[in-house]
2 protein chains.
Amino acid sequence: MDSNANPQAGGVRFAAVSSIPMTAAPTAPAYTIGECARRSGFSMDTLRYYERVGLIDDVDRTPTGQRRFTEAHLEWLGTLKCLRDTGMPIEQMCRFAQLVRDGDATVPERIELLRTHREAVDERIADLDAKRDYISGKIDYYRGLE
Amino acid sequence: MDSNANPQAGGVRFAAVSSIPMTAAPTAPAYTIGECARRSGFSMDTLRYYERVGLIDDVDRTPTGQRRFTEAHLEWLGTLKCLRDTGMPIEQMCRFAQLVRDGDATVPERIELLRTHREAVDERIADLDAKRDYISGKIDYYRGLE
DNA sequence: CTAGGACTTGGAGTGGACTCCAACGCAAAC
DNA sequence: GTTTGCGTTGGAGTCCACTCCAAGTCCTAG
């Protein structure tokens, strides 16, 4: 049901470990939204927003309604950050999230989506490279005028 | 007064030449906003908007009020496109435009601005490269599952 | 026990960069 | 000379991705 568990090295990693005072008993660590924000690099508001639009799933609540995020969430957030920062629109990330929810049968579709996205990223990089050169040319031109 | 005239090879270039029926007499070509849009890659609305906020200067009008853009405008628009597409905010482009308007004394400041921007572009490229690799890793992981 | 900080919700507001609209004038092709 | 279409203006609207707000609850350190 959940084959997103790629333990990719590049996940977001920070120092402190146990965020929430768990009464001893080494349970799997659960993070408050504040801690999750600090660790993921998203704001608390963005995390709530992502949950609302369906980009984050299965966020447990304490009996009083506070969110508790897990290691798995942090990993998933690392993926989202990567996709977002490479320019994928929210809507497409939602589609990807849906595929992940839909289980292993969607792996080929996920590959397809990521490949397409990677191509877009490649194009973006090539474009930036070219435009970087243009800027350098402009700088050189101005330097000739000084 | 105007040392933006860097005839950089990478300008936007199209096929057709004379857009507006000029009663013979090979005057410097002047382009309608539509033609300018086609040649620059900006929409007509964006061109008007850029003029309003001060990114484009000295746009002549026909006696009836229609804009006529010149070759020089197209070159400047090429520069704007490059800056915009590499993520420079409008406000900073406005500052750059102001420097160009302020004449040759501002050349060092322009260099400074462009250098700073180029650094931002370099960082963006490095970030995209890294995230591209992350995506590739994810793809490989999924391919292992197929 | 109480102060202060962290958390909750639904919904409204923001910022950047356009993009569209209405109502109109001018143009040039047949 | 009329239709088709390109152009004008000021101002309003849109889109995206958040970001902020109010009013309230909860948690924990002192």
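The basis for the numbers below is simple: all heavy atoms, side chains too, and nothing from hydrogens, waters or symmetry mates.
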Undergrad: If I take atom CD in residue B:Glu35 and atom C1' in nucleotide C:dA27, what distance separates them, rounded to the nearest angstrom?
TA: 16 Å

Undergrad: Which pairs count as salt bridge (charged side-chain N to carboxylate O under 4.0 Å, His left out) when at least one residue sits in residues 41-57 of chain A, sequence neighbours excluded?
TA: A:Asp45-A:Arg48, A:Glu51-A:Arg61, A:Glu51-A:Arg67, A:Asp57-A:Arg101

Undergrad: Suppose we screen for side-chain contact (heavy atoms from CB on, under 4.5 Å). Which residues come up paired with A:Arg124, at least two apart in sequence or across chains?
TA: A:Asp127, A:Leu128, B:Leu128

Undergrad: Whole angstrom is fine here: how far is it from OH in B:Tyr49 over to P in D:dT9?
TA: 17 Å

Undergrad: In whole Å, what is the span from the CE atom of B:Met44 to the P atom of C:dC18?
TA: 16 Å

Undergrad: Near DNA chain D, which residues from residues 84-92 of chain A have a heavy atom under 4.0 Å away?
TA: A:Arg84, A:Pro89, A:Ile90

Undergrad: Between the protein and nucleotides 10-13 of chain C, are there any N/O to N/O pairs under 3.5 Å, and if so, what are the atom names and distances?
TA:
none

Undergrad: Indicate whether OP1 or OP2 belonging to C:dG25 is found under 4.0 Å from a side-chain N or O atom of B:Thr64.
TA: no

Undergrad: What's the CD-P distance between B:Glu51 and D:dG10, to the nearest Å?
TA: 10 Å

Undergrad: Nearest whole Å is fine: how far is D:dG7 P from B:Ile33 CD1?
TA: 7 Å

Undergrad: When you get a sec, tell me which of D:dT19, D:dT9, C:dA27 is the closest nucleotide to the side chain of B:Arg48?
TA: D:dT9

Undergrad: Aromatic rings A:Tyr142 and B:Phe96: how do their planes relate, parallel, tilted or perpendicular, breaks at 30° and 60°?
TA: perpendicular

Undergrad: Would you kindly give the OH-to-P distance between A:Tyr50 and D:dA17, to the nearest whole Å?
TA: 8 Å

Undergrad: Taking it one step at a time, do B:Lys131 and A:Val121 satisfy side chain to side chain contact (heavy atoms under 4.5 Å, CB included)?
TA: CA-CA 9 Å; B:Lys131 276 160 180 157; A:Val121 174; over 6 Å; no

Undergrad: List the residues meeting salt bridge (charged side-chain N to carboxylate O under 4.0 Å, His left out) with B:Asp122, not counting sequence neighbours, and say none if there are none.
TA: A:Arg132

Undergrad: Could you check whether any side-chain N or O of B:Thr106 sits under 3.5 Å from a backbone N or O of B:Glu109, counting only pairs where one atom can act as donor and the other as acceptor?
TA: no

Undergrad: Nearest to the side chain of A:Arg67 - C:dT9, C:dC18, D:dG7?
TA: C:dT9

Undergrad: Report the distance from atom CG of B:Asp60 to atom P of D:dG7, rounded to the nearest whole Å.
TA: 16 Å

Undergrad: The test is side chain to side chain contact (heavy atoms under 4.5 Å, CB included); show your working for B:Ser136 and A:Arg118 and say whether it passes.
TA: CA-CA 8 Å; B:Ser136 287; A:Arg118 182 173 57 183; 2.8 Å; yes

Undergrad: Tell me, please, which residues at least two apart from A:Thr116 pass side-chain contact (heavy atoms from CB on, under 4.5 Å).
TA: A:Glu112

Undergrad: Pick from B:Glu91, B:Gln92, B:Arg84: which one makes a side chain to side chain contact (heavy atoms under 4.5 Å, CB included) with B:Met88?
TA: B:Gln92

Undergrad: Hey, which of these two, A:Gln66 or A:Thr46, hits DNA chain D nearer its 5' end, going by closest nucleotide?
TA: A:Thr46

Undergrad: State which of D:dT19, C:dT9, D:dT8 makes the closest approach to the side chain of A:Arg61.
TA: C:dT9

Undergrad: Taking CG from A:Leu83 and C1' from D:dC16, how many angstroms apart are they, rounded to a whole number?
TA: 17 Å

